[in-house]
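Everything below concerns the one structure shown next.
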Amino acid sequence: MLFQVGGQGTRPTFFEMAAAQQLPASLRAALTYSIGVLALRRPFLHRVLDYEDEFFSLLMLVLETHSLRTTDASFSESLYGLRRRAVKIKAMKDDARLNPGDGIQHSGLEKRQRVLSVVFLVVLPYFKSKLHSIYNKEREARLQASLWGHVDERFDDADIFDRGEDSVIPRGNLDMEASVRTRLTKKIQKFIGACYPLLHASTEGFSFAYQMLYLLDATGFYSLGLHALGIHVCRATGQELMDTSSRISKTRSRERERLRGPPWLKALQGALLSGTYTVLDYAQTGLIAAVFFFKMMEWWYQSAEERMSAPTIYPPPPPPPPPQVAKEGIPLPPERTLCPLCSQRRANPSVITVSGFVFCYACIFKYVSQYKRCPITLMPTTVDQIRRLFHDV
């Protein structure tokens, strides 16, 4: 069985389709890398990185809509000289020995197919990216729980400070008053964490199957989305490229003719419209140049050994729980801003390093000098283990 690797005919090769499919991911990586570098000097750009999915989806929505409207191809496909064509199967009963592709006719895209193409190119990848982000957070939480235990179990203040009638007011009741929205959000996250691997495996499996069938020339559809839309991706001919340029010029001319108002207003609107088209045209070229430039710089400054020897990053362990209050120790005050020794608002707050509890400096210095221990936990300590706090909450 022969594989299609040549560039003959209107059917794109597997490598052309694979390159067009990988281009948006490379573009996103390049933009994220460049914005991350610029954010080192312009901190406000971190807001863009915080909403990376939304900004990139909006950018691709503009580019894909403009490209499908003008060239009948996606943004990446148009850069490789490819075009999308609607498939119409015509019954051929005269000769049964004809090839399966002989009864297929191609035509231009309909409006419905353009809209659905934008959905498959922009909307569905955006939702998949958000689901992947939620799944990663849920997996990280499960990993942290398996390594260090559940946070609720380690930081249950009711168990730590519960010593009977003299204990502080437990804060476990606050957790019981969690809103219905929070509980629903956690249930949804757990559901996504359980179902996303199956969804991801299904989509990747269908993608692999269609790509393998396309490579073996068993189907004309490169992906499940193209099959659902009834679209073939074909290589554009020289005449089609000239017709596309002519169609773009006619479309822009018709839009200028639709402008209404005084002559000066029409001239201003026409200039703005021309400027918008010019910006879009240059944006397509500039973005592709940015992809190759920044990916080359990333490869240049990061060696293969560093990429292969990157360690696995585990989530940081939670801080240890505070020590328990001794039965013979001084009870804690009801408010955290009060000194346990004088029951007044702390002056010159200072902490004992062996226990972490905070007192007035004069109170704790006098107590430790006399008893050589922490007044709450009764752990041995000295005045050298008293530290001044410069920020007290």
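Quick caveat: nothing in here was measured; it's all calculated off a predicted structure.
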Quick one: closest heavy-atom pair of [X] and [Y], and the distance?
{"X": "R114", "Y": "L68", "result": "NE-O, 3.3 Å"}
{"X": "L332", "Y": "V325", "result": "CD1-CG2, 3.9 Å"}
{"X": "D53", "Y": "S129", "result": "OD1-OG, 3.0 Å"}
{"X": "P197", "Y": "A194", "result": "CD-O, 3.8 Å"}
{"X": "I134", "Y": "Q189", "result": "CG2-CG, 4.0 Å"}
{"X": "T381", "Y": "C374", "result": "CG2-N, 3.6 Å"}

Quick one: do the [X] and [Y] side chains pair a donor with an acceptor below 3.5 Å?
{"X": "Q113", "Y": "S117", "result": "no"}
{"X": "H132", "Y": "N136", "result": "yes"}
{"X": "T71", "Y": "R83", "result": "no"}

Short N-O contact, [X] and [Y], less than 4.0 angstrom:
{"X": "K187", "Y": "E138", "result": "no"}
{"X": "K130", "Y": "E54", "result": "yes"}
{"X": "E52", "Y": "R28", "result": "yes"}

Find the distance between [atom1] ([X]) and [atom2] ([Y]) and round it off to the nearest 0.5 Å.
{"X": "I386", "Y": "F365", "atom1": "CD1", "atom2": "CZ", "value": "6.5 Å"}
{"X": "F359", "Y": "I352", "atom1": "CZ", "atom2": "CD1", "value": "4.5 Å"}
{"X": "T13", "Y": "R235", "atom1": "OG1", "atom2": "CZ", "value": "6.0 Å"}
{"X": "F191", "Y": "L184", "atom1": "CZ", "atom2": "CG", "value": "12.0 Å"}

L121 and M60: CA distance, side-chain angles, deciding distance, side-chain contact (heavy atoms from CB on, under 4.5 Å) verdict = CA-CA 8 Å; L121 291 170; M60 293 306 299; over 6 Å; no

Is it true that atom CZ of F221 has more than 12 heavy atoms of other residues, nucleotides or ligands lying nearer than 6.0 Å?
-> yes

So does Y361 have more than 12 non-hydrogen atoms from other groups sitting under 6.0 Å from OH?
->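 For Y361, atom OH is not crowded (no more than 12 foreign heavy atoms under 6.0 Å).
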
Hey, any chance [X] and [Y] share a hydrophobic cluster, counting ILVMFWY side chains that come within less than 4.5 Å of each other, even indirectly?
{"X": "F55", "Y": "L61", "answer": "no"}
{"X": "F56", "Y": "V48", "answer": "no"}
{"X": "V383", "Y": "L378", "answer": "no"}
{"X": "F15", "Y": "L213", "answer": "no"}
{"X": "I231", "Y": "L124", "answer": "yes"}

Passes side-chain contact (heavy atoms from CB on, under 4.5 Å), S74 versus S67? Steps please.
-> CA-CA 6 Å; S74 67; S67 181; 5.5 Å; no

Can you list the steps and then say if F357 with V351 is a side-chain contact (heavy atoms from CB on, under 4.5 Å)?
-> CA-CA 6 Å; F357 291 105; V351 63; 6.0 Å; no

Are any side-chain N or O atoms of R387 and backbone N or O atoms of D384, one a donor and one an acceptor, separated by less than 3.5 Å?
->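 Side chain of R387 to backbone of D384, a donor-acceptor pair under 3.5 Å: yes, one is there.
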
Just by modelled atom types, is the F75 backbone N or O under 3.5 Å from a matching donor or acceptor in the E64 side chain?
-> yes

Step-by-step side-chain contact (heavy atoms from CB on, under 4.5 Å) determination, R373 to M379 | CA-CA 5 Å; R373 65 185 184 184; M379 298 173 63; over 6 Å; no

